[in-house]
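Below you'll find the structure, written out as structure tokens, and then a few comments.
Predicted, not measured: the structure shown is a model, and the values here were computed from it. All values below were derived from every heavy atom in this structure, side-chain atoms included, with hydrogens, water molecules and symmetry-related copies excluded.
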Amino acid sequence: MEITNTHVDALIWDYINRYTSQNEAARIVRDALDNLGVGLRPLLDHISVRTNDIQERALEFEAFGFSYDDNLGVMERDTWWAKVYRKPGFPAIYLDQAFHDQRGVDSPLTGWVNKFSDGGLHHIAISVGTLEVAMKGLNALGIQFAGEIIGEVGSEYRQVYTVPEMIDGEPFTTLELIERRWGFTGFLSPVAGEPKM
């Protein structure tokens, strides 16, 4: 039998489920997080910083020991590009900006940075156990989501965004929920396309 990531997940969760059935404190924490829709392994996965100059903005994070993830490389979309900076034990820093040439003319990032902040947070991403469960729990608290989940059930990466907070009729910030599995370090699923805000 070939051992798959699904087998490893089942093994780990079997241990966790047995443990939480025998440890009241762990069970209380698990239940509270499950009721919230986050699950037992909540994690601030990354923060997303929008800027007009990734290289300049990266200096702030490099001064605190973050380094460019050259394994991931530069991520390019139609109108914008991004780089990721990491430091062990801390959320990743996702820096993105519009292209400064013709490709960036229609990018929503330029207008966002000019209106709200060069270097401001556009979103934070929270890792959850299962997006559908998290969405149901957060819907019960009045949180609405923009669009459908991106990514297939059981895949290494899935994502969904909340309806953005609005300022002067324009999208400002949003919250991203993600499922990240099996050591996947990427940030955009192949079908994610252009950001909506």
Original post:
Does any N or O in the side chain of S155 come within less than 3.5 Å of the main-chain N or O of E152, such that one atom is a donor and the other an acceptor?
Top reply: yes
Could you state whether F90 and I93 fall into the same hydrophobic cluster, counting links through intermediate Ile, Leu, Val, Met, Phe, Trp or Tyr residues with side-chain heavy atoms under 4.5 angstrom apart? yes
In terms of hydrophobic clustering (I, L, V, M, F, W, Y; side-chain heavy atoms under 4.5 Å; direct or indirect links), are V133 and L175 co-clustered?
no
**Study point:** Step-by-step salt bridge (Lys or Arg N to Asp or Glu O under 4.0 Å) determination, R50 to D118
**Key:** CA-CA 6 Å; R50 286 189 168 174; D118 188 328; over 6 Å; no
Item to check | Side-chain ion pair, E132 and R158, N-O less than 4.0 Å | outcome: yes
Test: D96 and R77 ion pair at under 4.0 Å:
no
When rounded to the nearest 0.5 Å, the distance separating CG of D78 from CG of D106 is 10.0 Å
When rounded to the nearest 0.5 Å, the distance separating CG of L131 from NZ of K136 is 15.0 Å
*asked:* Test of understanding: clusters of I, L, V, M, F, W, Y form through side-chain heavy atoms closer than 4.5 Å, transitively. Do M166 and W112 belong to the same one?
replied: no
Answer yes or no on whether R180 is positioned over the face of F184, meaning its NZ or CZ is under 6.0 Å from the six-membered ring centre and within 45° of the axis.
-> no
- Query: Transitively linked via ILVMFWY side-chain contacts under 4.5 Å: L59 with L121?
  - Reply: no
When every non-hydrogen atom of K115 is compared with those of I167, the smallest separation belongs to CE-O, 4.0 Å
Inset, instruction - Starting from the C-alpha separation in whole Å, work towards a yes-or-no answer on side-chain contact (heavy atoms from CB on, under 4.5 Å) for V128 and I126. - result: CA-CA 6 Å; V128 300; I126 298 174; 4.2 Å; yes
Say whether, by atom type as modelled, one donor and one acceptor occur between the side chain of Y68 and the main chain of V74 under 3.5 angstrom. yes
Interatomic distance, CD1@I143 vs OG1@T162, rounded to 0.5 Å, equals 7.5 Å
Stepwise side-chain contact (heavy atoms from CB on, under 4.5 Å) test for T174 and H122:
CA-CA 7 Å; T174 186; H122 173 258; 3.6 Å; yes
Rounded to the nearest 0.5 angstrom, the CZ-OG distance for R181 and S127 is 8.5 Å
- prompt: Sub-3.5 Å donor-acceptor pair from the side chain of D70 to the main-chain atoms of G73, do we have one?
  reply: no
* What is the ring orientation for Y94 with H123, classed by angle as parallel under 30°, tilted 30 to 60°, or perpendicular over 60°? -> tilted
>> Over 60° means perpendicular and under 30° means parallel, so tell me whether F66 and F61 are parallel, tilted or perpendicular.
In response: perpendicular
The reported gap from CG in D101 to CZ in R103 (rounded to nearest 0.5 angstrom) is 4.0 Å
d(N52 CG, Q97 CD) to nearest 0.5 Å is 7.0 Å
task = Run the numbers on F172 and F116 for ring pair (Phe, Tyr, Trp, His ring centres under 6.0 Å), then give the verdict.
result = CA-CA 8 Å; F172 176 45; F116 298 117; 4.7 Å; yes
Atom CD of E165 with >12 non-hydrogen neighbours under 6.0 angstrom: no
- Start with the C-alpha distance between M75 and W81, add both sets of side-chain angles, then the distance that settles side-chain contact (heavy atoms from CB on, under 4.5 Å), and finish with yes or no. CA-CA 6 Å; M75 296 169 283; W81 62 283; over 6 Å; no
**Prompt:** Would L141 and L36 satisfy side-chain contact (heavy atoms from CB on, under 4.5 Å), going step by step from the backbone distance to the final call?
**Reply:** CA-CA 8 Å; L141 296 174; L36 184 58; 3.4 Å; yes
Nearest heavy-atom approach of A98 to G104 is CB-O, 4.3 Å
